[in-house]
Novice: 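First, the structure itself, so that you have it in front of you.
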Protein chains: 2
Amino acid sequence: MTHFGKSIRTRRERLHLEDKRFSLRQVAQRIGIEPAYLSKIERGEVSPPSEATTVRLAHELGEDPDVLLALAGKVSGDLQNIIRKRPKLFAELIRQLKEAPDHALLHVVREVRDGEW
Amino acid sequence: MTHFGKSIRTRRERLHLEDKRFSLRQVAQRIGIEPAYLSKIERGEVSPPSEATTVRLAHELGEDPDVLLALAGKVSGDLQNIIRKRPKLFAELIRQLKEAPDHALLHVVREVRDGEW
DNA sequence: CAAAGTGTGTACTAGTTAATACACATGACA
DNA sequence: TGTCATGTGTATTAACTAGTACACACTTTG
């Protein structure tokens with residue numbers, strides 16, 4: 001679908017230039033999947049892997065898990081759990097923030113972090 | 001898992017008292033699934049149905065789709081799409097709001113609705 | 001009483017997810 | 001030169017998702 005595979009291949013190859021431990025095979029072994037599978041993932045021959053595997057891959061490559069999950073077309077399960085506990089409030093909030101510019105989101109984030117309610 | 005089935009059975013039976021069009025069979029037909037399947041859903045014999053079916057059921061029973069999806073252990077795809085477009089910002093915001101009390105969430109919702117940033 | 005409507009038990013299934021296992025050709029390297 | 005590591009092609013799979021199809025027994029209802 002998107003360029004999930006391309007993105008991690010690029011990232012891995014960059015790391016590989018400076019550190020031979022970032023060969024496809026070695027990365028695959030460290031995150032616990034078959035090399036052939038990682039190869040297919042990177043070339044987009046198969047759909048992105050499960051959430052758990054994507055997160056391990058993100059850590060391995062020093063990427064933000066939420067960003068990589070987004071590229072994989074997913075939303076992290078723990079965020080979903082938070083939403084599921086108060087679906088009306090979160091649904092309304094998120095839909096309202098759909099069109100808001102980034103700086104507005106940041107503003108809200110900061111307000112919540114600093115604010116006392 | 002949760003009481004998804006119980007919840008919709010209760011809801012449907014209440015509606016059925018006043019309107020015979022809310023028999024299991026007729027509801028199943030209107031939302032486009034087999035009666036036997038709805039029966040199993042209501043008794044929790046199978047896991048909750050797909051998002052699309054859950055949403056049709058919510059509309060049929062006059063329930064909030066987001067709430068029913070939450071009971072089904074899911075988060076609506078359109079909310080996920082919004083999050084996926086700006087994963088870092090939304091992930092941080094949602095995790096920060098995890099522990100916030102309801103009135104704080106409402107406060108933010110209102111601020112975003114009324115405010116100009 | 002017959003016809004229609006009700007809920008449910010049993011059996012089955014096409015499609016998807018998330019992978020594994022093995023073989024192979026190529027390149028590095030000591 | 002041999003051996004080791006590398007990336008990839010092909011074949012296969014167990015578990016899960018999201019249902020359908022049909023038969024059955026019971027209850028209204030006309």
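Numbers restart at 1 for each chain; the letters A, B, ... are given by sequence-line order, proteins then strands. All values below were derived from every heavy atom in this structure, side-chain atoms included, with hydrogens, water molecules and symmetry-related copies excluded.
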Novice: Between the main-chain N or O of B:K98 and the side-chain N or O of A:R86, is there a donor-acceptor pair closer than 3.5 Å?
Specialist: yes
Novice: Using a 4.0 Å cut-off on heavy atoms, which residues in residues 54-74 of chain B reach DNA chain C? List them by number, or say none.
Specialist: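 Residues of residues 54-74 of chain B under 4.0 Å from DNA chain C: none.
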Novice: What range of DNA chain C does chain A touch, first nucleotide to last, counting atoms under 4.0 Å from its heavy atoms?
Specialist: C:dA18 to C:dC22
Novice: Tell me whether B:R84 contacts the main-chain N or O of A:L71 through its side chain, where contact means a donor paired with an acceptor under 3.5 Å.
Specialist: no
Novice: Measuring from atom CG of B:L69 to atom CD1 of A:I83, what distance do you get when rounded to the nearest 0.5 angstrom?
Specialist: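 One finds 11.5 Å between CG of B:L69 and CD1 of A:I83.
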Novice: Is it the case that the side chain of B:T10 and the backbone of B:K6 share a donor-acceptor pair, with hydrogens and angles ignored and the cut-off at 3.5 Å?
Specialist: yes
Novice: Counting N and O atoms only, with roles assigned by atom type, does the side chain of A:Q80 sit under 3.5 Å from a partner on the main chain of A:V75, one being a donor and the other an acceptor?
Specialist: yes
Novice: With side-chain hydrogen bond (donor to acceptor under 3.5 Å, both in side chains) as the test, pick out the partner of A:E60 among A:R11, A:R30, A:Q26, A:R12.
Specialist: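 The passing option is A:R30.
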Novice: Contact class for A:T53 (heavy atom, under 4.0 Å): base, sugar-phosphate, or nothing?
Specialist: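 The residue A:T53 makes sugar-phosphate contact but no base contact.
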Novice: Reading DNA chain D 5' to 3', which nucleotide is the first, and which the last, to come under 4.0 Å of any heavy atom in chain A?
Specialist: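 Answer, 5' to 3': D:dT6 to D:dA11.
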Novice: In dot-bracket form, how is DNA chain C paired, counting a Watson-Crick or G-U wobble pair only if both its distances are under 3.5 Å and using | for bases paired to another strand?
Specialist: ||||||||||||||||||||||||||||||
Novice: Do A:R9 and A:E42 meet the salt-bridge criterion of a basic N to acidic O distance under 4.0 Å?
Specialist: yes
Novice: Among residues two or more places apart or on two chains, list those pairs meeting salt bridge (Lys or Arg N to Asp or Glu O under 4.0 Å) that have a residue in residues 49-58 of chain B.
Specialist: none
Novice: Using a 4.0 Å cut-off on heavy atoms, which residues in residues 9-37 of chain A reach DNA chain D? List them by number, or say none.
Specialist: A:R9, A:R12, A:S23, A:L24, A:R25, A:Q26, A:P35, A:A36
Novice: Less than 3.5 Å apart, any donor N or O on the side chain of B:R43 or B:S39 sitting next to an acceptor on the other?
Specialist: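 The criterion, which ignores hydrogens and geometry beyond distance, is satisfied for B:S39 and B:R43.
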